[in-house]
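The chains referred to below are lettered A, B, ... by the order of the sequence lines, with proteins before strands, and numbering in each begins at 1.
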There are 2 protein chains.
Amino acid sequence: MAERKPRNSATGRVTLADVARALDISAITVSRALKTPERVSPVLRERITQAVRQLGYRPNHAARALATARSGNVLVLVPSLTNEVFVDVLGGIHDELQPRGMQMLIGNTHYSLREEEKQLEAFLGHAPDGILLSGLDHSPRTQALLAESRLPVVTMMELDNAADSRSVGLSQRAAGQAMTRHLITRGYRRIAYVAAQGDPRTRQRAEGYRAALAEANLDAREIWLETPSSVGLGATLLTELLAQHPDCDAVFCCNDDLAQGMLYECQRRGIAVPARLAIGGFNDLAASAWTHPALTSIATPRYDIGRQAARMLCAAIDNQEAPRALDLGFTLMARGSS
Amino acid sequence: MAERKPRNSATGRVTLADVARALDISAITVSRALKTPERVSPVLRERITQAVRQLGYRPNHAARALATARSGNVLVLVPSLTNEVFVDVLGGIHDELQPRGMQMLIGNTHYSLREEEKQLEAFLGHAPDGILLSGLDHSPRTQALLAESRLPVVTMMELDNAADSRSVGLSQRAAGQAMTRHLITRGYRRIAYVAAQGDPRTRQRAEGYRAALAEANLDAREIWLETPSSVGLGATLLTELLAQHPDCDAVFCCNDDLAQGMLYECQRRGIAVPARLAIGGFNDLAASAWTHPALTSIATPRYDIGRQAARMLCAAIDNQEAPRALDLGFTLMARGSS
DNA sequence: ACCTGTTATGTTAGCGCTAACATCGTGACG
DNA sequence: CGTCACGATGTTAGCGCTAACATAACAGGT
């Protein structure tokens, strides 16, 4: 007859106490064998390991969290879950937390400071051990909640100069400048900047764009929309661009979604890229290297931003000394579209 | 002078007991005022609400989970976090769980049954209240763990006939058949099927493809790769296709990533789409409607699959009667590429 | 006046785990 | 051979919350 798994009567789960009872030892010893094996004698440790496996014991995180005042949760607030950029960031965070047995709680702020505030409020009840935020722009109440929580916070995507803050990202301004300089170097002179979803990073890229134009004594041509960014919107924006600035010979799109949409619309209308109009994007999405022509873009280290931010946060949680600002840079991917 | 927030000495957090103490009532009454307000007199309820707000009390989920044996967590296992398909599914789940105060725990199985097993094992310690799985294909140990856990499980993407299971999805076979019939209707006769990342859904679509060809007495031409699917791979596969089946006049790609890659490669080589080669994809990704020509595809209700699966799971968790299989269908998006 | 039922609140105990402090050997050393 | 240090294990208590069972107060019916 098969062995019966003893189950704690109350909840039907196998608990530490069940394992301890089976071996006629105390629960704390089992606990130690799992958390700090070196503090249990090898013989007993081995017996415990076997019993754990045989009974199918699985530690209960809620109980552990309650006893240790450590939840193993990290709150991650991102502005979008459909944007490839943040999906990659989440991937990096995930891969860094996983081996430490920690868990992400993901909140989607939909590019809204108000929504960010609400998410933060709701998630604080999960007693996260730390918080990963996107960008530097936050509402006063968000900042107050963060300060009150006294939890370590790491900001992703942008860089923060403040001494008491932590951030992992890149200079969006420098990247915008690099792309514009590239277009100038390639001989374009009437360069437009097109932006949707006016978030802070989009604005910083625009600053870089203006700086580069100023260096070369060129005029700016900008189109700003508040609509959420998408490939479809890129098509619309090409129309807008040709209407407002018919003379322009290059366009720097604030992200690759818009750039791809513009490229497709150019193909549709028979506008030669890059002969009649050069296109530059931002983020270097997976598909951008494969369009025809391939899209010139700024590759951002999204996965690594997530990873390093998570690592920095874990260091902070463990009160370890660690650098507080990490500039992971960017790479200009000069391709056929310019 | 500003009021001091009383804090529980042990962990520095404001607890139920702190709120109760401030009002000189018992903790359970505060608990009731929050969970079942109708069981507390209106006057007291109001005072409690105020005190809660003023002290900044935030319920501790770990303690609640421990006391109620309900974690409020739902485990979600998906094969990929970069694939737009699953990102959309997760969005639907998120939106359904959020208002119930429940939380997703996301595990990435990387299209591996072995990995799925490991993830499941690790996450069972979080004591999820239910599990959302992708697809019907699972390792024996995964099935054993699921059975042993006695947790409600809902399968997403595919449909399950078994009476004791729950599933929300669509007939991948029927969808594959619909696409192939469409190509036949449009006059194509030498239709190829190209697949990467040979997961079960890819295989079911192929079955539909073969069935449709058989109906019309046409021959199958298939190319299978185990490599993970990507836009870049689509370009490679076009080369492969032209080499292996130079006569083919239409290609049904197992997903839109491949289809887009093929389209771009056709543009690059000057192969006319759809005149020389028609292209059909699967999933109808956001960009597919905007390429030139726009991509014919099968639109799958990914967001709704996530939503309905989450809803079905919640019903099961609450022991409510509910349908156990939900076919959300698909839509053929006939566009310029065919 | 008594019982009954109902509503509002309180008491007790326990969910599963671990921190902090015992306790009990055992061997090293003077 | 006593003392001390140290390693291995145990005891106790409590993390924050809520289920389950009191208790109290009061209205209404007989």
When the distance from [atom1] of [X] to [atom2] of [N] is rounded to whole Å, what number comes out?
{"X": "Lys35(A)", "N": "dG16(C)", "atom1": "NZ", "atom2": "P", "result": "18 Å"}
{"X": "Leu23(B)", "N": "dG10(C)", "atom1": "CG", "atom2": "P", "result": "10 Å"}
{"X": "Leu34(A)", "N": "dA19(C)", "atom1": "CG", "atom2": "P", "result": "13 Å"}
{"X": "Asn60(A)", "N": "dC15(D)", "atom1": "CG", "atom2": "C1'", "result": "13 Å"}
{"X": "Leu66(B)", "N": "dT18(C)", "atom1": "CG", "atom2": "C1'", "result": "12 Å"}
{"X": "Glu38(A)", "N": "dT9(D)", "atom1": "CD", "atom2": "P", "result": "13 Å"}
{"X": "Leu44(B)", "N": "dA25(D)", "atom1": "CG", "atom2": "P", "result": "16 Å"}
{"X": "Ile25(B)", "N": "dA24(D)", "atom1": "CD1", "atom2": "P", "result": "19 Å"}

Below the 4.0 Å mark, does [N] have OP1 or OP2 next to a side-chain nitrogen or oxygen of [X]?
{"X": "Arg39(A)", "N": "dT9(D)", "answer": "no"}
{"X": "Ser31(B)", "N": "dT18(D)", "answer": "yes"}
{"X": "Thr15(A)", "N": "dG16(C)", "answer": "no"}
{"X": "Ser41(B)", "N": "dT9(C)", "answer": "yes"}
{"X": "Arg32(A)", "N": "dA8(D)", "answer": "no"}

Practice prompt. Look only at the side chain of Gln103(A) and the backbone of Gly72(A), and say whether a donor-acceptor pair between them is shorter than 3.5 Å.
Written response: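 Here the side-chain-to-backbone pair does not exist.
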
Discussion item. Using only atom types and a distance under 3.5 Å, with no angle test, would you say the side chain of Thr109(B) pairs donor to acceptor with the backbone of Leu77(B)?
Written reply: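 Side chain of Thr109(B) to backbone of Leu77(B), a donor-acceptor pair under 3.5 Å: no, none is there.
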
Worksheet item: Which nucleotide in the set dT18(C), dC17(D), dT9(D) lies at the smallest distance from any side-chain heavy atom of Arg64(B)?
Response: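 The answer is dC17(D).
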
Worksheet item: Do the non-hydrogen side-chain atoms of Met102(B) and Asp129(B) ever get within less than 4.5 Å of each other?
Response: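 Touching, per the 4.5 Å side-chain cut-off.
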
Discussion item. Between Arg21(A) and Asp18(A), does any NZ, NE, NH1 or NH2 come within less than 4.0 Å of an OD or OE carboxylate oxygen?
Written reply: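 Result for this pair is yes, salt bridge flagged.
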
Fill in: Greater than 12 external heavy atoms within 6.0 Å of Glu321(B)'s CD
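Open: at most 12 neighbouring heavy atoms sit under 6.0 Å from CD of Glu321(B).
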
Discussion item. Classify Ser26(B) by what it touches in the nucleic acid, base, sugar-phosphate, or nothing, heavy-atom distance under 4.0 Å.
Written reply: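 Base, at least one base atom sits under 4.0 Å.
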
Discussion item. Need to verify one output field. Residue with the more 5' nearest nucleotide on DNA chain D, Val40(A) or Ala27(B)?
Written reply: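 Counting from the 5' end, the first nearest nucleotide belongs to Val40(A).
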
